[in-house]
Student: 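Sharing a structure here in structure tokens format.
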Amino acid sequence: MQDTIGFCQETRPESCGFILFGATGHLSSGKIIPALFGLYKKKLTPKDFYFLFVARTAIELADFEERLTAAISGTESKPALPEIKGFLERVEYIRADYGNDDFYRRLARRLDELDAKFNIRKKRLFYLATPPSAFEPITEKLKTSGLLVDPGNRTGWSRVIIEKPYGSSLESAYSLDTGLKQAVSEGQIYRIDHFTGKETVQNVLALRAANSVFDETWNNGFIDHVQITVFEELGLEGRAGFFEHMGLARDMMSHIFQLAAITAMDLPASFRDMDFKSEKKRFFESITGLDKESVSRQVVRAQYEGYLKEPGVAAASTTETFLAFKFHVDNDRWRGVPFYVRAGKKMGAKKTKIDLIYKKPAHGIFKPMDIGYPNVFSFTIQPEETMAFTLIAKHPGPKLCFTPRKMELNYRVHQEELSAPTEYERLLIEAMAGDQTLFLSSFEMRFIWAFISPMLETWTWDSGSAPLLGYPGGSEGPAEARALIEKDGRKWLSPIL
Ligand code: BG6
């Protein structure tokens with residue numbers, strides 16, 4: 001039987017129309033449509049709702065329904081036919097020509113009809129699952145065709161969801177952001193980072209907030225250093241077109257910093273939007289940025305062997321598929337505690353993990369000898385979902401021997417816990433509810449670009465000082481990644497621990 005849940009805070013989605021641009025693309029079929037279906041199946045959709053799918057590809061309705069069925073059949077349990085039928089009754093498809101005013105007029109008419117049919121009053125969530133170059137032109141057209149309701153309007157609302165890449169450089173990201181804001185205000189923009197929707201990521205904050213016994217020790221008085229590991233087993237999987245222009249730094253940095261923030265930011269006064277965001281902002285503001293010199297000293301980039309033979313990859317590509325780096329947080333809590341990060345593709349196994357490594361004993365009987373780090377608090381985010389604390393205990397037996405032990409907690413055990421909303425489902429609920437807590441602010445997006453920029457510049461203009469290394473698939477990255485932490489007298493924890 002499940003234990004009593006003490007305190008619950010629920011986000012309820014508001015009735016709305018959900019308009020998906022780029023509905024035939026990878027992101028839509030891989031993530032968004034299955035998430036919409038998941039919400040429908042789990043009865044987590046708002047009271048009144050409809051989904052309008054928009055794409056440039058001309059397809060027959062029957063064909064589109066077949067695609068939809070294929071997209072949602074990939075979800076964990078095979079959906080039953082009536083479920084699919086019920087879902088499809090809420091879905092419409094409309095062919096788009098994003099640059100054409102006529103299309104927006106047609107769209108406006110259709111939305112009004114759908115609003116009337118489903119009893120929704122101009123409450124619309126636009127998801128732009130399109131290339132970023134289309135974000136600005138689409139929002140501008142939505143605005144000029146009167147499809148965006150001004151913030152503060154009492155009868156309706158408009159929200160726009162976008163997903164990285166937000167540009168390809170600091171400059172292009174700033175210009176994209178500024179351009180977007182000509183049509184929509186910050187309070188209407190929902191920038192997705194799907195890591196924030198992961199149950200286990202949210203659990204880190206919940207654990208800290210509710211159990212001060214841990215958080216009280218998460219500071220430079222107790223913690224020696226922090227390790228963040230984001231390993232993926234997969235390589236490119238046919239995504240060369242996307243990844244070749246991104247590289248690991250652009251692709252994963254937002255995820256990495258979301259993990260860092262929920263682990264290390266000061267706890268907000270509440271989990272409400274503004275409290276949470278301003279505390280997160282303060283954390284990011286405390287991170288010491290890199291310069292050219294620190295890029296060559298504390299960043300390691302590498303590419304897996306065989307990457308150049310992947311379909312669609314340029315013969316002399318220098319795109320990095322692995323990154324290890326160290327950063328510092330210059331605030332009272334973390335001053336002097338290094339954060340080590342390693343992330344890569346083709347690492348042999350998937351593992352996303354945060355480890356807080358406590359200091360070695362400074363007094364007492366163990367002071368004269370090196371017993372390693374006796375206490376480590378680990379959150380495994382995926383694929384397992386666990387929390388663990390290692391400690392030293394006496395080894396049973398006649399002698400006084402000390403041995404490392406681990407207390408481990410499985411995060412998801414009960415059946416209803418297994419069917420909790422997925423990351424995209426959760427984030428869609430939040431956006432439908434108008435809660436931006438889990439979405440990236442303009443500040444965060446800009447911070448991430450400012451952090452990456454010196455890396456990208458050094459790699460482009462002075463690649464000799466930060467060479468691209470190689471590593472065999474299935475390894476833990478190049479030897480230089482080991483050296484990065486070992487030169488500080490520390491070691492990476494085994495990713496499988
Ligand atoms: C995406 C990246 O944002 O995150 C992918 O574009 C990466 O390259 C993926 O594979 C990892 O997400 P997850 O949830 O599978 O760990």
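Counting starts at 1 for both ligands and their atoms, in listed order. Every value quoted in this text rests on a predicted model; they were computed, and no experiment measured them.
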Student: Nearest heavy atom to atom 14 (O) of ligand 1: which of K198, E163, Q382 does it belong to?
Tutor: K198
Student: Heavy atom to atom 12 (O) of ligand 1, shortest distance: which of R250, H194, E233 holds it?
Tutor: H194
Student: Can you sort out which atoms of ligand 1 are near K350, meaning under 4.0 Å from one of its heavy atoms?
Tutor: 13 (P), 15 (O), 16 (O)
Student: Which atoms of ligand 1 have any heavy atom of K164 under 4.0 Å away?
Tutor: 1 (C), 2 (C), 3 (O), 6 (O)
Student: Has S172 got a side-chain atom pairing as donor or acceptor with G167's backbone, closer than 3.5 angstrom?
Tutor: no
Student: Anything under 30° is parallel, anything over 60° is perpendicular, the rest tilted; go ahead and classify F451 against F257.
Tutor: perpendicular
Student: What atoms of ligand 1 come within less than 4.0 Å of a heavy atom belonging to K345?
Tutor: 5 (C), 7 (C), 8 (O), 10 (O)
Student: Is the shortest distance from a Lys or Arg side-chain nitrogen in E444 or R191 to a carboxylate oxygen in the other one below 4.0 Å?
Tutor: no
Student: Could you check whether R12 pairs with D435 (Lys NZ or Arg NE/NH1/NH2 to Asp/Glu carboxylate O, under 4.0 Å)?
Tutor: no
Student: What do you reckon, does H255 put a non-hydrogen atom under 4.0 Å from ligand 1?
Tutor: yes
Student: Apply side chain to side chain contact (heavy atoms under 4.5 Å, CB included) to the pair S465 and T458, showing each step before the final yes or no.
Tutor: CA-CA 8 Å; S465 73; T458 311; 3.4 Å; yes
Student: Take atom CD of E305 as the centre, draw a 6.0 Å sphere, and report whether it contains more than 12 heavy atoms from other residues, nucleotides or ligands.
Tutor: yes
Student: Going by the atom numbers of ligand 1, which of them fall below 4.0 Å from some non-hydrogen atom of D251?
Tutor: 2 (C), 5 (C), 6 (O), 8 (O)
Student: Is the backbone N or O of A183 less than 3.5 Å from a side-chain atom of T139, with the two atoms forming a donor-acceptor pair by type?
Tutor: no
Student: Which one holds for F242 and ligand 1: side chain close, backbone close, both close, or neither close, with close meaning a heavy atom under 4.0 Å?
Tutor: side chain
Student: Give the numbers and elements of all ligand 1 atoms closer than 4.0 Å to a heavy atom of E232.
Tutor: 7 (C), 10 (O), 11 (C)
